[in-house]
Protein chains: 2
Amino acid sequence: MEQTTSEKILDIAQSLVIAGGYNGFSYADISEAVGIRKASIHHHFPTKAELMQVLVERYTQRARAGLKAIGAHVPDPAGQLRAYLAYWEKCILDASQPFCVCAMLAGEMQMLPAPVALLVQAHFENLAAWLASVLKAGADAGLFRLDKTPEEEADMLMACVHGAMLSARALGNPGLFAAIVGPQLERLKA
Amino acid sequence: MEQTTSEKILDIAQSLVIAGGYNGFSYADISEAVGIRKASIHHHFPTKAELMQVLVERYTQRARAGLKAIGAHVPDPAGQLRAYLAYWEKCILDASQPFCVCAMLAGEMQMLPAPVALLVQAHFENLAAWLASVLKAGADAGLFRLDKTPEEEADMLMACVHGAMLSARALGNPGLFAAIVGPQLERLKA
DNA sequence: ATTGATCTACCTACTAGTAGGAAGACAAAA
DNA sequence: TTTTGTCTTCCTACTAGTAGGTAGATCAAT
């Protein structure tokens, strides 16, 4: 076996969350897609809240690892931002993951089980902090010209990324993501 | 009677959509909030899809009227953008309408009844077109310095606004909206 | 012999939606 | 003026289907 049932369940659940959010899928949907009975999913994840907690934990952990990997493999801050944006551009263009799980769930914040909401918030904080650190490094190196503090610029950039995902989806135009986000990177350059 | 039952239903449904999206509320929720039986809601809106269609139609119509009013009452393009952003800033700060209905629904695009999805898309197009027209007017008057075409700059600004709403919600920080969106207006000024 | 994973079968609560009737408003007809 | 009919709104009572979740059995692997 190369992929456990739990992982299959999480993979399917994640794609369902990306498509329709927390209230947009059911155990029956997962059951059908994975090919096991509903009750068997409860064996792996007793409640939907626990399933979502594990799912978001896994997602945010992977995101942290991904950002760390960019930091390790790409030398300059500009390249790091480009790598981050290129990752999402690819995910959206090939429809493999056309939306951020946490951005999706952020819209439903008020209806989420508290532990899940906390994980979503933590992901936003973590992503903003990473962007801020990259922006600061770039500014210190004289590569970026920042109008505001790195933290404020990071919040602005993160919002643009999530908003670009939303626009691409609303207008059914995957290419729009890059069109919106590309110039944001350009204008940072000193 | 100063507000019809239909309007009450739409008002409640709208606040529920803003809180949790299309799949985040039920006729039972509306019933409880309005104080009439479930079946009576079906009298006014036979199906949920029809309810949502009327709701989004009303929302987008009001939005168009609001943008038109800004154009009529505020003379300069910079002031028009400021008025638009100030409107949302107020809505978010006083929590009267902490999210755009269509931005909320855009996340669930794939699960929406087709007629509703079309209305959501139309609202995005309409808002982007208004922003583009204001940006163009400002650029022609020498008030704004645009790096890209007005249409591209409009897409960027719209994404920032929606992303700022999402960040404010995810981080539980209403003030974040203005912090993100304010500098975007600043940097346009020639 | 026990454990983990799966199954069938089921539960309760809730989903959108329907059938049919009661109460009032209003206007036309007696 | 009263009566009749129609329209609107809301109701109780219901349906079929789905939600998340549980109980208990089977079976293969340890």
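A quick note: this is a predicted structure, and the numbers were derived from the prediction, not measured. In what follows, every chain begins at residue 1, and chains take the letters A, B, ... in the order their sequences are listed.
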S.K.: Please list all pairs passing the salt bridge (charged side-chain N to carboxylate O under 4.0 Å, His left out) test where one or both residues lie in residues 117-138 of chain B, with sequence neighbours left out.
M.R.: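 Of all non-adjacent pairs touching residues 117-138 of chain B, those that pass salt bridge (charged side-chain N to carboxylate O under 4.0 Å, His left out) are B:K136-B:D140.
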S.K.: Could you write nucleotides 5-11 of chain C as a row of B, S and -, 5' to 3', where a protein heavy atom under 4.0 Å of any base atom gives B, of only sugar-phosphate atoms gives S, and otherwise -?
M.R.: BBBBB--
S.K.: Whether the B:T60 and B:H123 side chains hold a donor-acceptor pair (N or O, under 3.5 Å, no angle test) is what I'd like checked.
M.R.: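 Per modelled atom types, B:T60 and B:H123 side chains form no pair under 3.5 Å.
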S.K.: Nearest 0.5 Å, what's the SG-CE distance between B:C160 and A:M156?
M.R.: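 Rounded to the nearest 0.5 Å, the SG-CE separation comes out at 6.5 Å.
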S.K.: In whole angstrom, what separates B:M52's CE from C:dA16's P?
M.R.: 12 Å
S.K.: Using atom types as modelled and distance alone, determine if a side-chain donor or acceptor of B:E89 lies under 3.5 Å from a backbone N or O of B:A178.
M.R.: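 Not confirmed, B:E89 side chain does not pair with B:A178 backbone.
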S.K.: Heavy-atom contacts under 4.0 Å between residues 16-33 of chain A and DNA chain D, which residues?
M.R.: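 A:F25, A:S26, A:Y27, A:A28 - these, ordered by number, are the residues of the stretch whose heavy atoms sit under 4.0 Å from the strand.
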S.K.: Without decimals, in angstroms, what is the distance between A:K48 NZ and C:dC14 C1'?
M.R.: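 In whole Å, C:dC14 C1' and A:K48 NZ are 13 Å from each other.
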S.K.: Does B:S31 use its side chain to pair, donor to acceptor, with the backbone of B:I36 at less than 3.5 Å?
M.R.: yes
S.K.: What do you reckon, is CZ of A:R37 surrounded by more than 12 foreign heavy atoms closer than 6.0 Å?
M.R.: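 Counting other residues, nucleotides and ligands, CZ of A:R37 stays at 12 neighbours or fewer.
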S.K.: Considering only residues two or more places apart or on different chains, which pairs with a residue in residues 18-29 of chain A satisfy side-chain hydrogen bond (donor to acceptor under 3.5 Å, both in side chains)?
M.R.: A:S26-A:D29
S.K.: Could you list the donor-acceptor pairs under 3.5 angstrom formed between side-chain atoms of residues 62-73 of chain A and any protein atom two or more places apart in sequence or on another chain?
M.R.:
none

S.K.: Just how far is it from atom OH of A:Y59 to atom CD of A:Q14, taken to the nearest 0.5 Å?
M.R.: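 A:Y59 atom OH to A:Q14 atom CD measures 7.0 Å (nearest 0.5 Å).
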S.K.: To check you understand the geometry: which heavy-atom pair defines the closest contact between B:L157 and B:Q184, and what is its length?
M.R.: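 For B:L157 and B:Q184, the tightest heavy-atom pair comes out as CD1-CB, 4.1 Å.
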S.K.: So which protein nitrogen or oxygen atoms get under 3.5 Å of nucleotides 28-30 of chain D's nitrogens or oxygens?
M.R.:
none

